[in-house]
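Heads up, the thing below is written out as structure tokens.
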Amino acid sequence: MMAWVRFLVSGIGLTTWYSLQVIWAAVNRVPNDPDGVYDRIPRDWARALIEINQIGVAVEGLELMPAATACVFAANHLSLVDILVLLDVLPGRLRFMAKRELSYYPLLGTALRAARHILIDRQDLTRAVEAYREAAEVVQSGMSAVVFVEGTRSRDGRLMEFKKGAFVLAIAAGVPIVPVRIDGTFQMLPAGSLAFRPGQARIRIGPPLSTEGLSYDDRDALVARCRAEIVRLEVA
């Protein structure tokens with residue numbers, strides 16, 4: 001089977017199957033406990049797709065992570081494959097920050113809401129502010145937020161301007177920002193293309209950046225520190 005056909009078929013089939021499991025858990029009021037179904041099923045989904053589609057994953061820097069501490073992971077964004085590889089390797093209870101439009105997708109949107117992923121409506125300031133408040137509560141409850149800090153996938157593989165939401169969230173929640181550099185996934189599935197090709201993803205994790213004592217006014221300086229670290233990780 002051609003690689004892109006396998007990726008498309010497996011993506012639709014497994015996303016449907018695992019979304020239904022999350023929805024079933026929500027309908028039956030399964031608690032959102034640590035290492036429970038809402039944590040396990042997304043990782044199982046990602047790892048199944050990684051194996052079926054022959055995606056290699058290498059990670060560096062896990063030893064820098066503080067044990068049992070929720071954080072905000074700030075990652076660059078090259079491809080839809082990024083979601084899979086981050087779910088495969090990042091530690092802790094992970095919840096992604098995503099655009100609210102995903103909540104309208106059949107099955108997937110219901111599953112995202114049930115698992116308490118963070119859905120942001122950037123077009124509605126009032127709803128966005130409320131979503132960030134709720135996101136801070138999610139993080140403070142022990143779940144780490146994964147944020148693609150450019151806000152969208154890179155169209156040419158180069159690092160774009162960072163949005164500030166992840167940094168406002170980390171300051172509000174009082175948790176560290178952890179820089180994450182992803183390389184290799186752009187060649188597998190560039191933005192706007194369905195021409196998937198198997199390949200090797202490389203993830204480098206930088207040292208956590210403390211937000212202790214920071215306020216909203218410090219967000220720009222925190223953005224600059226994180227960006228400098230992600231640039232450094234490209235050549236580390």
Side-chain angles (χ1 to χ4, degrees), residues 3-4 6-19 21-22 38-59 71-105 107-120 135 138 143-155 157 159-160 163 165-166 169 178-205 230:
W4 71 269
R6 182 173 60 237
F7 184 82
L8 184 62
V9 172
S10 63
I12 294 172
L14 289 174
T15 300
T16 300
W17 171 240
Y18 284 107
S19 294
Q21 292 185 52
V22 172
Y38 302 103
D39 294 337
R40 186 181 67 252
I41 288 174
R43 292 192 190 274
D44 290 346
W45 167 77
R47 288 166 180 166
L49 285 172
I50 285 170
E51 181 177 357
I52 290 170
N53 293 286
Q54 302 171 359
I55 299 169
V57 185
V59 61
C71 63
V72 175
F73 290 105
N76 64 310
H77 198 11
L78 299 171
S79 168
L80 292 174
V81 179
D82 298 342
I83 298 168
L84 306 180
V85 298
L86 293 183
L87 277 168
D88 183 38
V89 302
L90 292 182
R93 307 185 66 195
L94 305 179
R95 297 297 184 270
F96 281 78
M97 181 180 287
K99 57 186 180 181
R100 192 171 186 85
E101 288 90 331
L102 290 178
S103 68
Y104 306 134
Y105 283 43
L107 299 181
L108 176 61
T110 304
L112 289 172
R113 291 192 300 271
R116 296 189 72 189
H117 289 277
I118 303 159
L119 303 173
I120 303 293
V138 169
M143 304 179 197
S144 292
V146 182
V147 186
F148 294 116
V149 287
E150 297 155 288
T152 189
R153 287 169 286 166
S154 173
R155 291 285 170 174
L159 201 62
M160 300 185 295
K163 307 297 183 183
L169 170 59
V178 178
V180 179
R181 175 86 194 194
I182 305 170
D183 288 296
T185 56
F186 182 78
Q187 293 78 6
M188 295 185 213
L189 189 67
S193 173
L194 291 176
F196 172 80
R197 293 182 295 175
Q200 176 79 17
R202 186 175 182 185
I203 301 169
R204 303 180 187 92
I205 300 171
I230 290 177

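A distance-only check finds a donor-acceptor pair linking the side chain of Ser10 to the backbone of Phe7 [under 3.5 Å]. A donor-acceptor distance shorter than 3.5 angstrom exists from the side chain of Arg6 to the backbone of Ile52, with no hydrogens or angles considered. Looking at Arg95, its side chain never comes within 3.5 Å of a backbone N or O of Ala145 through a donor-acceptor pair.
Across Gly157 and Leu78, no two heavy atoms sit closer than the pair O-CD2, 3.6 Å. Heavy-atom minimum distance, Ala114 versus Val22: CB-CG1, 4.0 Å. Between Arg116 and Val138, the closest heavy-atom pair is NH2-CG2, 3.3 Å. Between Ile41 and Gln21, the closest heavy-atom pair is CD1-CB, 3.6 Å. Between Arg113 and Leu119, the closest heavy-atom pair is CG-CD1, 3.8 Å. Across all their heavy atoms, Ile182 and Ala75 have their closest contact at CD1-CB, 4.2 Å.
Residue Glu51 qualifies as open at atom CD: its count of foreign heavy atoms under 6.0 Å is 12 or below. Surrounding CG of Leu8 are more than 12 heavy atoms belonging to other residues, nucleotides or ligands, all under 6.0 Å away.
Annotation: salt bridge (charged side-chain N to carboxylate O under 4.0 Å, His left out) contacts of Arg93 (sequence neighbours excluded): Asp39. Partners of Ser144 by side-chain hydrogen bond (donor to acceptor under 3.5 Å, both in side chains), not counting sequence neighbours: none found.
Under the side chain to side chain donor-acceptor pair (under 3.5 Å) criterion, the residue pairs touching residues 74-89 are Arg47-Asp88, His77-Asp82, Asp82-Thr185, with sequence neighbours excluded.
Looking at Thr152 and Met160, their side chains come closer than 4.5 Å, going by heavy atoms from C-beta outward. Annotation: side chain of Ile83 is in contact with side chain of Trp45 (closest heavy-atom distance under 4.5 Å). Taking the side chain as every heavy atom from C-beta outward, Leu90 and Ile205 approach each other to under 4.5 Å.
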Would you please test Val81 and Phe196 for side chain to side chain contact (heavy atoms under 4.5 Å, CB included) and show each step?
-> CA-CA 10 Å; Val81 179; Phe196 172 80; 4.2 Å; yes
Report the C-alpha separation of Trp4 and Leu189 in whole Å, then their side-chain angles, then the decisive distance to 0.1 Å, and conclude whether the side chain to side chain contact (heavy atoms under 4.5 Å, CB included) test is met.
-> CA-CA 9 Å; Trp4 71 269; Leu189 189 67; over 6 Å; no
Verdict with reasoning, Lys163 to Val147, per side chain to side chain contact (heavy atoms under 4.5 Å, CB included) | CA-CA 10 Å; Lys163 307 297 183 183; Val147 186; over 6 Å; no
Decide yes or no on side chain to side chain contact (heavy atoms under 4.5 Å, CB included) for Phe148 and Leu86, but give the supporting numbers first.
-> CA-CA 11 Å; Phe148 294 116; Leu86 293 183; 3.7 Å; yes
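Atom-to-atom distance recorded for Leu112:CG and Phe96:CZ is 10.5 Å, nearest 0.5 angstrom. The distance from atom OH of Tyr38 to atom NE2 of His117, rounded to the nearest 0.5 Å, is 11.0 Å. To the nearest 0.5 Å, atom CZ of residue Arg181 and atom CG of residue Leu159 are 5.5 Å apart.
With Asp183 as reference, Arg204 is the one residue of Arg202, Gln200, Arg204 to meet the side chain to side chain donor-acceptor pair (under 3.5 Å) rule. Across Asn53, Ile55, Leu80, a single residue satisfies side-chain contact (heavy atoms from CB on, under 4.5 Å) together with Met188, and that is Ile55.
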